[in-house]
Number of protein chains: 2
Amino acid sequence: MSPRGREPLTRERVLGAALELADGGGFESLSMRKVAAAVGVEAMSLYNHVANKEDLLDGLVDIVFGELEAPEPGAADWKDALRRRAHSMRDVLNRHRWAVGLMESRVAPGPENLRFHNATMGCLREAGFGFREAVHASSVLDAYIYGFALQERSLPFDTPEEHGAVIEVKQAAIPDMTPFPYLVEVMTEMATAGYDYATEFAFGLELILAGLEP
Amino acid sequence: MSPRGREPLTRERVLGAALELADGGGFESLSMRKVAAAVGVEAMSLYNHVANKEDLLDGLVDIVFGELEAPEPGAADWKDALRRRAHSMRDVLNRHRWAVGLMESRVAPGPENLRFHNATMGCLREAGFGFREAVHASSVLDAYIYGFALQERSLPFDTPEEHGAVIEVKQAAIPDMTPFPYLVEVMTEMATAGYDYATEFAFGLELILAGLEP
DNA sequence: TTGACAACCTTACGGCGTAAGCGTACCTTA
DNA sequence: TAAGGTACGCTTACGCCGTAAGGTTGTCAA
């Protein structure tokens, strides 16, 4: 039980506060001191619940893995299962943009990580993919999904209006665009017609799914 | 001219030293003080040649863009031009693994960045792709390439022998793998047969290229 | 000769991750 | 009830980090 009435600090509370700070946009400035302040404690007290900052990040990444919709091994429509898996990953990675580069780079994979990858391989194997083919399929899908999330993360605007404004600023900052006529075309076209990431994502995803067969 | 005979420090020398440190594996611990020491100067002296650390990173990223093989607008075989572009990107991103997450996230794109993207769009437009289709094509290709590089970067081994060793360690660290039979299959299979990134990359690339037509 | 300027310097500030060790409230066992 | 152990919070301190402020010095143009 907790001393002095305050409800007890746990690893879950620490990770929850860190997740909130990271999602709030302050991932690159996320620090042990700020997490500690968010849970009303001094920095060093966190070390009773996480081994170090790396361990804290491992915990965050596994929470994100837990939010992903794992495909069901043995699903009737394996292609649709993979489609829904992909859209789930894009949604989740957009909620937690800081996580994009970290998902597959943890040395110590957490339980949700294992669960998710096991389900993906299971779905492919049960759909009739051979072992090598299943690895190929998950590799190309994940590369595309993470790569798309990476590109989507790096654009500093969300609405089409912001989009246009940013492009104008960028164009103004570059002294002479005449050597790059094809880029000028992209920028003017996008400034007027906007850009829809969801459509773009679906295009590439369907292209890849169409090329996959057991 | 330089005082005291020592050849003058330039932005290029600063970026060169920083690139060497980053490629040497110390990107996450790259600091202004270390770059300064590498060029025989105090940290604050760097600020005569770069605005700040962000500007230094912008410079590094543009150097990497400069190493990429840009496709030629109007190439006879546009598909092969894109294929060579993709392999060039994988090669370069493997030489500069720290750059993977940074390439498309710079607020201020450098001249080599502009040159490369202009060439890519030009190659697609001249191959007969409509404007929207060209954007689709470059989006799916780049997402795949960057995503693949991201996954390749995060694996902490290079040779098949190291690969096996790492897998054994990982498997030993996880208490009970029985809930994840499909993962066990992957790990044992890979430990014996190894894993070839080049083949894996080519598989996905050809799948995507096969699905692209003007 | 003078004065401006560029390039390198020292100093200092606030923030970082975390090692070391202290204090106190609680639980177990005698 | 008393004694000892343990869990969990705390303070302090170290060596890093990026960079603001401003000093020094060697080289030029006027």
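A, B, ... follow the sequence lines: proteins, then strands. Residue 1 opens every chain.
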Of the listed nucleotides [options], the one nearest the side chain of [X]:
| X | options | answer |
| --- | --- | --- |
| B:Ser31 | C:dC16, C:dT18, D:dC17 | D:dC17 |
| B:Asn48 | C:dG17, C:dA7, D:dG18 | C:dA7 |
| A:Tyr47 | C:dT18, D:dG18, C:dC8 | C:dT18 |
| B:Val41 | D:dA20, C:dC8, D:dC8 | C:dC8 |
| A:His49 | C:dT18, D:dG9, C:dA12 | D:dG9 |

Is any side-chain N or O of A:Arg33 closer than 4.0 Å to OP1 or OP2 of C:dG15?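 Indeed not, no polar side-chain atom of A:Arg33 lies that close.
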Compare side-chain N and O positions of B:Ser45 against OP1 and OP2 of C:dA7 and report whether any pair is under 4.0 Å apart.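 The answer is no; no side-chain N or O of B:Ser45 sits under 4.0 Å from OP1 or OP2.
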[X] [atom1] - [N] [atom2] separation (whole Å):
| X | N | atom1 | atom2 | value |
| --- | --- | --- | --- | --- |
| B:Asp55 | D:dT19 | CG | P | 10 Å |
| A:Lys53 | C:dG15 | NZ | P | 15 Å |
| A:Glu42 | D:dC8 | CD | C1' | 13 Å |
| A:Leu30 | C:dG17 | CG | C1' | 12 Å |
| B:Arg11 | C:dA6 | CZ | P | 17 Å |
| A:Leu46 | C:dC16 | CG | P | 12 Å |
| A:Met32 | C:dG17 | CE | C1' | 8 Å |
| B:Leu9 | C:dA6 | CG | P | 16 Å |

Pair A:Lys53, A:Asp58 - check salt bridge (charged side-chain N to carboxylate O under 4.0 Å, His left out), show working. CA-CA 9 Å; A:Lys53 192 178 182 181; A:Asp58 283 341; over 6 Å; no
[X] and [Y] aromatic centres sub-6.0 Å:
| X | Y | result |
| --- | --- | --- |
| B:His117 | A:Tyr182 | no |
| A:Tyr146 | A:Phe148 | no |
| A:Phe201 | A:Tyr144 | yes |

Closest non-hydrogen contact found for A:Ala70 with A:Arg115 is CB-NH1, 3.5 Å
